[in-house]
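Heavy atoms only: backbone and side chains are in, while hydrogens, waters and symmetry mates are out. Everything quoted here is computed from the prediction, not taken from an experiment. Letters go in sequence order (proteins before strands), and every chain restarts at 1.
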Amino acid sequence: MLDGAKAKAILKVLQGCNSFTRLRKIQAQVIVCGLHCDPSISTQLLRFCAVSVSGSLAHAQLLFDKMPDPPTQAWNSIVRGFSQSHSPLLALAYYNRLLSDSLLARPDTFTFTFALKAVEKLKALPKCREIHGSIITTGYGRDTVVCTALTRCYAKNGSLEDARFLFDKMPERDLVAWNAMISCYSQAGRHEEAMEMYERMRNENVGLDAFSIVGLLSSCAHVGALGLGVQLHRIACDTGLVRNVFVGNALIDMYAKCGSLDDALSIFTGIRRRRRDVFTWNSMIHGFGVHGLGNDAISFFEQMLAAGMRPNSITFLGLLCGCSHQGLVREGVDYFHQMSSKFNLTPGIKHYGCLVDLYGRAGNLDKALETIETSPSRDDPVLWRILLGSSKIHKNVASGEKALRNLMRLGAVTAGDCVLLSTIYAGANYLSGFAKMRKLIKTLGVKTTPGWSWIEISNQVHKFVVDDKLHPDSMQVYEKLEEVTKRATSAGYVKEEPVILNLPGSWSEGGCSETPSSCHSEKLAIAYGLARTPEGTSLRIVKNLRVCKDCHSFTKFVSKAFNRSIVVRDRVRFHHFVDGVCSCGDYW
DNA sequence: ATAGGGTTAG
C-alpha cells in the first residue's frame, strides 16, 4: 500500500521534471514501488505526460487506458492535452466518452473549458452549441470562466452574435470576460463593435489592463483611429502599462497604420533592446514598408539580424512590401531568395505575390510572368490579378490579356478583372477588345465595392462615399470643394478624365480604385477637412480602395495650394502629400 | 494538482 512520504517525494520530483526520458525513469520507479496503483500518483503522472512540454500524448493515452475508471482529473488531463495538440478532434472523442461511458466521473468546469478550446480550433458551431447545452444541464451555466470560454468558442466559430448574446447574459462579467469579447470582435474584423465595448466598459466603470489595451489598439490600427489610439497610449503611460511589450508592439503598429511613423519609431526606441521581440521588429519593418520606405525597412531588417533576432515569414512580407513600393527590385529579389537559402523559410503565396508585384510595378512584366509560372501557386488567381494590375499601370495589352486568359482558365474571372483589361484596351485604342470586355462584364454581372473615405476631426470620424449627398454638412462640403478645386487648378491641377465605359449602374475598377465619377470620396473628405480645421493642420484620410490617378494629382496640388500636409492611407499603402509632392514618387 | 483574455500578415 502507499507510503505517504514516498508519494509526496515522487510528486515533488514529477513537478520538477523537464524531460521525457526522465519522466519515463520516474514512471518505471513508480511501478517498481507499486505506486502506480495509487490514483493520485498515476493521475499526476498522466497530467505530466498529457500537458507538460516534455511529455508525450501517446504515452498519456497508454496510461489513461490502463486506468480502470479514471477520475475526472484524469479525463481533464487527457482532454486538455489533446485540445492543445494538432488533433483536437481526439479531445472531443475523450470528452464524449466521459459523458457517455464513465460510471464514476462527471465533467466539471475544467472539462468544459478544455473541450471548448478544442472546438475553437475545429470550427464546429453545432458542437459548440451541444457543449453549451451540457454546461447548462450540469448546472455550470453561470460560471464566469466557463461562460468566457463559451463566448470565445462561439466567436471563433463565426457566431459573434451568439457570443455577444451570451456575454450580455452573463450574471457576472470580470475583466477577462470583457477582454475576451473585445479581442473576439477585433480578430473578427468587427472593429467598431470592439470600440463600442470600450465605451461600455467606461460607462460601467470596469478597469482596463494590458489585454484590453492591446485588443483595442489592434482595432485602432485596422481602421486608422488615431484619436482613440492616442487616448489609449495616454492611459498606458499613466498606468505604467506602456512597459508591457505587447502594449508597446501594438502601439508601434497603431501609430504606423495611422500614418505617424515618427511616433511608431519613438515607441520602438523606447522598448529596451533586450525586450524587443519578433513582433516589435516586424511591426516596425512593415510600417516602413507600407509607407514606401524600402530602404528603412531594409536597414531595420539588418539591425534585427545584428540584434540576434530570427526573422519569420511575416518579417519578409514587410520587407518585400517595402522593396516593392520603393522599386528596389534587386534587393527585393535577393531577400526573397535569402528566405529559403539563409533562413530556412518557405516562401508562401503572399511572398510570391510581393515578388510578382515587385517586378510588375517596376515594369518588368516578363519577369513577373515568369515568377508566376515557376511558382508553386501558378493556379492561384491572386497572382494573376496582380499581374493584371501591373499590366494596367504599364498599359501593356499583351500581358493583361495573358493574365485574364489565366484567370479564365482558373474560372476565377470577375467583372472587376474585365474592367481592368477593358481600361487597358481603351488606353490602347483597341476597340474590338474593349467591346468584348464590355460584353463579358455584362454577362458576369457587375459587382461593386463602394468607395469610402473618412477623416477624423477632433476625435470624430466623418465618413464620405462617392458623390456623397448624405453627410449632414453636404452643402458646405460641395461649396468648399468648388473653392478647393479652383485653387488647385490655379496651382496647376488639370482634371484627368477617366475612361467612361458607359455601363449600367456603378462598378468598381477591379476592386482597386473608385468608380469614375464626378467626385471621389477622398476629395469630399479633403474639402471637409480643409473647411473644418485651422490653417496648417495636417489632414489624415483613410480610404478602403486605391487612390486613382486624378485624385492623387488633385491631392498633390491641394497640398501645395493650401500649404497643408495630407496623409492618405489607401488599401495597400500610405501617401504623404507635402508641398505638391507625394512620398510615393507617383510610383504606386 | 488543473481553467477563461494579448500584438505583426491576410
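- The cationic atom of A/Arg80 (NZ for Lys, CZ for Arg) does not lie both less than 6.0 Å from the six-membered ring centre of A/Phe110 and within 45° of the ring axis.
- Residue-nucleotide stacking is not present for A/Phe246 and B/dT7, judged by a side-chain ring centre under 5.5 Å from the six-membered base ring centre and planes under 30° apart.
- Among the protein residues, A/Thr144 comes within range of the nucleic acid bases, having at least one heavy atom under 4.0 Å from a base atom.
- Distance from the side chain of A/Lys350 is smallest for B/dA9 among the nucleotides B/dG4, B/dT2, B/dA9.
- Residue contacts shown for A/Asp253 are limited to sugar-phosphate atoms, with no base heavy atom under 4.0 Å away.
- The pair A/Asp238-A/Arg234 does not count as a salt bridge, with every side-chain nitrogen at least 4.0 angstrom from each carboxylate oxygen.
- Counting any heavy atom pair closer than 4.0 Å across all strands shown, A/Ile213 reaches no nucleic acid atom.
- Looking at heavy-atom distances under 4.0 Å, A/Ser183 makes contact with sugar-phosphate atoms alone, never a base.
- A cation-pi arrangement is present between A/Arg276 and A/Phe268 under the rule of less than 6.0 angstrom and at most 45 degrees off the ring axis.
- Residue-level contact check: A/His351 touches neither bases nor backbone, having no heavy atom under 4.0 Å from any strand.
- One can find a donor-acceptor pair under 3.5 Å joining the base of B/dG4 and the side-chain atoms of A/Asp174.
- Using a 4.0 Å cut-off, some side-chain N or O of A/Ser218 falls inside it from OP1 or OP2 of B/dT8.
- Taking 3.5 Å as the limit, the base of B/dG6 and the side chain of A/Asn244 contain a donor-acceptor pair of atoms between them.
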